[in-house]
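Below, all heavy atoms of this structure are taken into account, side chains as well, without hydrogens, waters or symmetry copies. Keep in mind the model is a prediction, meaning the values are calculated, not measured.
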Amino acid sequence: MGGLSSIPAQDGFSGFIARALASRSFVIGFVITALIALMALLSFFWTPYDVTRLVVADRMLPPSATHLFGTDQFGRDVLSMIMVGSRNSIAVALVAVGIGMGFGVPLGCLAAARGGWLDEIVMRFNDLVFAFPALLSAVMITAVFGPGAVNAIIAIGIFNIPVFARVARAGALAIWPREFILAARAAGKGKTRITVEHILPNIATMLLVQGTIQFALGILAEAGLSYVGLGAQPPMPSWGRMLFDAQTRMMVMPSLALFPGLAIIITVLGLNLLGDGVSDALDPKLRRRQ
């Protein structure tokens with residue numbers, strides 16, 4: 001039926017692909033994101049050097065043919081650490097977005113469907129969670145359970161819940177008054193069935209776009225938590241931890257901060273461009289001039 005369906009029925013998946021490939025944002029974002037993902041996948045099987053091996057004799061080497069990105073203060077290969085660190089950043093952000101979407105979307109849809117006091121409770125819960133950003137949540141969780149990647153995932157995931165709840169609620173509220181929803185209710189369908197069969201497919205576009213945005217923010221949040229020592233712990237490399245270790249050696253060897261910083265910037269840029277491209281391709285009315 002009518003609505004904001006994620007892929008228009010008249011041209012289906014092939015039409016989406018055609019519009020996506022016509023979008024520079026989508027193509028560039030997809031290429032960048034795919035390369036980062038491939039680098040993370042490759043690191044499970046191969047890296048130029050072992051990131052857990054300390055070679056004091058090779059410490060603080062500048063970029064060269066032997067070590068393309070140089071070595072750190074312990075003689076570890078920086079390129080290898082960035083490769084391994086990418087999978088940590090991607091895993092934390094991906095699971096955190098999954099937590100936010102898995103809890104936030106049902107809460108938002110429930111609030112929109114039921115309304116009244118239930119809607120008010122869900123929204124006030126969202127306001128309460130928003131009062132505790134991911135960093136503050138991580139500090140509280142760390143105080144109880146200690147630092148680590150799992151606690152970073154929990155902190156970022158909890159912060160994502162109200163984000164997706166608000167998006168889902170706003171999208172659902174815009175669709176509930178539509179004629180095809182009234183027809184479904186007249187046919188005897190309950191609110192739960194209507195939500196699953198009609199509301200969710202029609203808000204999938206905005207949820208997908210919001211997911212790419214939160215994924216990029218999750219990468220930044222993980223780097224920030226690792227920078228202050230609340231994320232992945234040594235010897236597991238992390239882009240944020242690499243920036244922290246490099247800050248006292250900026251004047252001696254700026255490349256120690258340059259390469260992990262570029263990795264974060266490029267990854268976030270790629271995800272943002274991908275999100276813009278997906279938004280343009282899924283909803284032609286929002287397409288900008290290419």
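- The salt bridge (charged side-chain N to carboxylate O under 4.0 Å, His left out) test applied to D72 returns R76, not counting sequence neighbours.
- For the pair P237 and M81, the tightest heavy-atom approach, listed with the atom from each and the gap, is CB-O, 3.6 Å.
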Verify side-chain contact (heavy atoms from CB on, under 4.5 Å) between T195 and W176, making sure each step is shown before the conclusion.
CA-CA 9 Å; T195 297; W176 272 104; 3.7 Å; yes

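- Residues passing the side chain to side chain donor-acceptor pair (under 3.5 Å) test with S238 are E222, S226, sequence neighbours excluded.
- Contact of the N202 side chain with the F180 side chain is registered, since non-hydrogen atoms from C-beta on lie closer than 4.5 Å.
- With sequence neighbours left out, L35 forms a side-chain contact (heavy atoms from CB on, under 4.5 Å) with V31.
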Does V105 form a side-chain contact (heavy atoms from CB on, under 4.5 Å) with L200? I'd like the steps, not just the answer.
CA-CA 9 Å; V105 173; L200 283 176; 3.8 Å; yes

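- Note: F74 CZ to T52 OG1 = 13.5 Å, rounded to the nearest 0.5 Å.
- Put simply, the side chain of T267 does not reach to within 4.5 Å of the side chain of I90, judged on heavy atoms.
- A distance of 9.5 Å separates CG of L274 from CD1 of I32, quoted to the nearest 0.5 Å.
- When all heavy atoms of A149 and N88 are compared, the pair lying nearest together is CB-OD1, 4.1 Å.
- Considering only residues two or more places apart in sequence or on other chains, E197 meets the side-chain contact (heavy atoms from CB on, under 4.5 Å) condition with K189, R193.
- Note on L173: it does not cluster hydrophobically with L110, by side-chain heavy-atom contacts below 4.5 Å among ILVMFWY residues.
- Annotation: the span from N151 atom CG to L230 atom CG amounts to 9.0 Å, rounded to 0.5 Å.
- In this structure, F30 places its CZ atom where only 12 or fewer heavy-atom neighbours from other residues, nucleotides or ligands lie under 6.0 Å away.
- Listed by chain and number, the residues in a ring pair (Phe, Tyr, Trp, His ring centres under 6.0 Å) with F69 are F259 (sequence neighbours excluded).
- Remark: the backbone N or O of S86 is not paired with any side-chain donor or acceptor of S89 at under 3.5 angstrom.
- In this structure, the side chains of M242 and V78 come closer than 4.5 Å at one or more pairs of heavy atoms.
- Other members of the cluster containing L41 are F44, F45, with ILVMFWY side chains joined at under 4.5 Å, either directly or via other members.
- Taking CE from M236 and CD from Q233, the interatomic distance works out to 11.0 Å, rounded to the nearest 0.5 Å.
- Under the side chain to side chain donor-acceptor pair (under 3.5 Å) criterion, D119 pairs with R169, not counting sequence neighbours.
- With sequence neighbours excluded, the residues that form a side-chain contact (heavy atoms from CB on, under 4.5 Å) with L68 are L79.
- Put simply, the side chain of L273 does not reach to within 4.5 Å of the side chain of R24, judged on heavy atoms.
- Connection of L258 to M250 is not established within any shared hydrophobic cluster, with ILVMFWY side chains joined at heavy-atom distances below 4.5 Å, either directly or through further cluster members.
- Note that the OG1 atom of T192 and the CD1 atom of I199 stand 11.5 Å from one another [nearest 0.5 Å].
- Between the side chain of T33 and the backbone N or O of G29, at least one donor-acceptor pair lies under 3.5 Å.
- The distance from the CD1 atom of I203 to the NE2 atom of H198 is 13.5 Å, given to the nearest 0.5 Å.
- In the hydrophobic clustering of this structure, L42 does not group with Y49; members are Ile, Leu, Val, Met, Phe, Trp, Tyr whose side-chain heavy atoms approach within less than 4.5 Å, directly or through other members.
- Of all non-hydrogen atoms in H67 and D77, the two that sit nearest each other are ND1-OD1, 3.0 Å.
- Using a distance-only test at 3.5 Å, with no hydrogens or angles considered, a donor-acceptor pair links the side chain of T71 to the main chain of D58.
- Residues meeting the ring pair (Phe, Tyr, Trp, His ring centres under 6.0 Å) test with F244, sequence neighbours left out: Y227.
- Hydrophobic clustering places L256 together with V252 (ILVMFWY residues linked when any side-chain heavy atoms are closer than 4.5 Å, directly or through intermediates).
- A 4.5 Å side-chain heavy-atom check between S279 and T205 finds every atom pair outside the cut-off.
- Counting heavy atoms from C-beta outward, D245 and R241 have side chains that approach closer than 4.5 Å.
- Under the rule for a salt bridge (charged side-chain N to carboxylate O under 4.0 Å, His left out), the partners of R166 that lie at least two apart in sequence or sit in another chain are D127.
- Summarising the hydrophobic clusters (Ile, Leu, Val, Met, Phe, Trp, Tyr; side-chain heavy atoms under 4.5 Å, direct or chained), the residues clustered with L38 are none.
- Of all heavy-atom pairs between A257 and A246, the closest is N-CB, 3.6 Å.
- Considering all non-hydrogen atoms of both residues, L94 and F215 come closest at N-CE1, 3.6 Å.
- No path of Ile, Leu, Val, Met, Phe, Trp and Tyr side chains, each step under 4.5 Å between heavy atoms, connects M83 with L54, placing them in separate hydrophobic clusters.
- Using a distance-only test at 3.5 Å, with no hydrogens or angles considered, no donor-acceptor pair links the side chain of R249 to the main chain of Q73.
- Across all non-hydrogen atoms, the minimal contact from I82 to P260 is CD1-N, 3.9 Å.
- Between L271 and I219 the shortest side-chain heavy-atom distance falls below 4.5 Å.
- Between F164 and L107, the closest side-chain pair of non-hydrogen atoms is not below 4.5 Å.
- For the side-chain contact (heavy atoms from CB on, under 4.5 Å) test, residues two or more places apart in sequence or in another chain that qualify with A223 are I264.
- With I156 as reference, N160 is the one residue of I154, N160, I158, I153 to meet the side-chain contact (heavy atoms from CB on, under 4.5 Å) rule.
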